[in-house]
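Note sheet for the following structure.
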Amino acid sequence: MTLDLHRCALEVAPDLLGALVVVRGPEGEVAVRLTEVEAYEGARDPGSHAYRGPTPRTAPMFAPAGRLYVYFTYGMHWCANVVCGPDGTASAVLLRAGEVVTGLELARSRRPAARRDVDLGRGPARLAQALGLTGADSDLVLRRGGRAEVRPPVAAPAEIRTGPRVGVAGPGGDPGEFPWRFWIPGEPTVSTYRPGKARAPRVPGTPGAPRTPGAPRTPDVPGTPARHTGT
DNA sequence: CCGGTGATATCCT
DNA sequence: GGATATCACCGGC
């Protein structure tokens, strides 16, 4: 089975479930089996970093498919994406969670805070840390036998679930329009995030007007509600 | 639940 | 140039 990254993220994302991400470095090799990903569809996707056009940071997303886009967030975390899509587009798939299958000792040493092995790659920043990926790897081209590669699943997962993306504020987080998170049900490495804190009102000094009550709960996502902030 | 932490983008002068 | 708001999050309480 081959894994064609020259397709849009929505098609690639489910095919990445069960795939192996292998990263090699001086200290050795760590490989993870992906259990949770999210699609970002570039220019037409208000949740994507590419939505407002290219910037120095997002340049790798606009480059040809088959490379990494790694960004820094919240002052301390790296998150890794696989750039995909036809040339000239800016699609990418965020690697949200996975199970460490080789290099367990190395992964543990990189993630001393993890108390159980399932926590090594449970969440995008944890996964990147376990793999040893940082901004230095943004724009890195995936190559067989190179520093980083992606191997297609040996067997496709028996079942795949979809739901709204985690932590995407505004229209891009709308569960109805962008159910672009994909995961393998029953996997202990699939991250279950606490709902985020409601955002403070925009205008300082105004008392926080209560949000519309009875907003529809996310339909399709047992046990893992997406954080639903913004607007 | 909360706070840490700093890059990035977007607004301003 | 500077000020401000936002953030594909994590860990510890």
Side-chain angles (χ1 to χ4, degrees), chain A residues 9-10 12-13 16 21 34-62 68-84 90-98 107-108 110-116 118-131 133-139 162-175 177-183 189-206 218 221 224-231:
Chain A
L10 268 178
V12 171
L16 280 175
V21 178
L34 294 176
T35 56
E36 181 187 2
V37 297
E38 278 173 4
Y40 288 85
E41 285 287 346
R44 70 190 179 93
D45 174 9
S48 169
H49 288 174
Y51 187 55
R52 288 173 220 286
T55 67
R57 177 180 63 148
T58 61
M61 288 189 75
F62 290 84
L68 295 176
Y69 165 52
V70 187
Y71 67 90
F72 189 65
T73 192
Y74 288 101
M76 55 191 103
H77 303 300
W78 297 101
C79 296
N81 299 252
V82 170
V83 174
C84 58
S91 295
V93 176
L94 172 69
L95 310 180
R96 282 202 59 88
R108 285 175 183 149
R110 287 172 174 160
R111 298 218 60 245
R115 308 182 76 249
R116 307 164 319 180
V118 289
D119 292 325
L120 290 171
R122 187 172 190 251
R126 294 165 172 178
L127 183 61
Q129 191 176 13
L131 288 169
L133 293 175
T134 71
D137 298 301
S138 199
D139 211 33
T162 70
R165 295 177 292 189
V166 173
V168 176
D174 177 18
E177 220 179 326
F178 300 98
W180 289 357
R181 175 183 176 224
F182 299 82
W183 69 94
T189 50
V190 171
S191 51
T192 63
Y193 281 131
R194 5 196 190 303
K197 201 171 74 161
R199 192 154 305 164
R202 286 257 174 69
V203 183
T206 25
T218 69
V221 196
T224 51
R227 180 162 74 175
H228 205 214
T229 54
T231 49

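Each chain gets a letter, A, B and so on, in the order the sequences are listed, and its residues count up from 1. Remember, predicted model here, so these are calculated numbers, not experimental data.
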Expressed in angstrom and rounded to an integer, what is the separation of [X] atom [atom1] from [N] atom [atom2]?
X: A:E38; N: C:dC9; atom1: CD; atom2: P; value: 8 Å
X: A:M76; N: C:dA8; atom1: CE; atom2: C1'; value: 15 Å
X: A:R126; N: C:dC9; atom1: CZ; atom2: C1'; value: 9 Å
X: A:F72; N: C:dC9; atom1: CZ; atom2: P; value: 14 Å
X: A:R96; N: C:dA8; atom1: CZ; atom2: P; value: 11 Å
X: A:W78; N: C:dC10; atom1: CH2; atom2: P; value: 15 Å
X: A:R165; N: C:dC9; atom1: CZ; atom2: P; value: 12 Å
X: A:L120; N: C:dG11; atom1: CG; atom2: P; value: 10 Å

Report the nucleotide, chosen from [options], that has the shortest atom-to-atom distance to any side-chain atom of [X].
X: A:M61; options: C:dA8, B:dT10, B:dA9; result: C:dA8
X: A:T73; options: C:dA8, C:dC7, B:dT8; result: C:dC7
X: A:Y71; options: C:dG11, B:dA9, C:dA8; result: C:dA8
X: A:A169; options: C:dA8, C:dC7, C:dC10; result: C:dC7
X: A:A113; options: C:dG11, B:dA9, B:dG4; result: C:dG11

Sugar-phosphate, base or nothing in reach of A:R111, heavy atoms under 4.0 Å: sugar-phosphate
Sugar-phosphate, base or nothing in reach of A:G135, heavy atoms under 4.0 Å: nothing
Ring center gap for A:Y71 and A:H49 short of 6.0 angstrom: yes
Ring-face cation contact, A:Y69 with A:R57, 6.0 Å cut, 45° max: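 Verdict for A:Y69: no cation-pi partner in A:R57.
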N-O pairing of A:R165 and A:E38 below 4.0 Å: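 A:E38 and A:R165: not salt-bridged.
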Identity of whatever pairs with C:dA3 - Watson-Crick or G-U, under 3.5 angstrom: B:dT10
Base paired to C:dA8 (Watson-Crick or G-U; both N/O distances under 3.5 angstrom): none
Under 4.0 angstrom between A:H77 side-chain N/O and C:dA8 OP1 or OP2: no
Evaluation steps, side chain to side chain donor-acceptor pair (under 3.5 Å), between A:E41 and A:S48: CA-CA 7 Å; A:E41 285 287 346; A:S48 169; over 6 Å; no
Ring-on-base stacking C:dC10 with A:Y74 (under 5.5 Å, under 30°):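 No, A:Y74 does not stack on the base of C:dC10.
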Aromatic ring of A:Y40 stacked on base six-ring of C:dA8, 5.5 Å, 30°: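 A:Y40 vs C:dA8: stacking yes.
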C:dA8, syn or anti by chi within 90 degrees of zero: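 C:dA8: syn.
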A:Q129 and A:R111 side chains, donor-acceptor separation under 3.5 Å: yes
Greater than 12 external heavy atoms within 6.0 Å of A:R108's CZ: yes
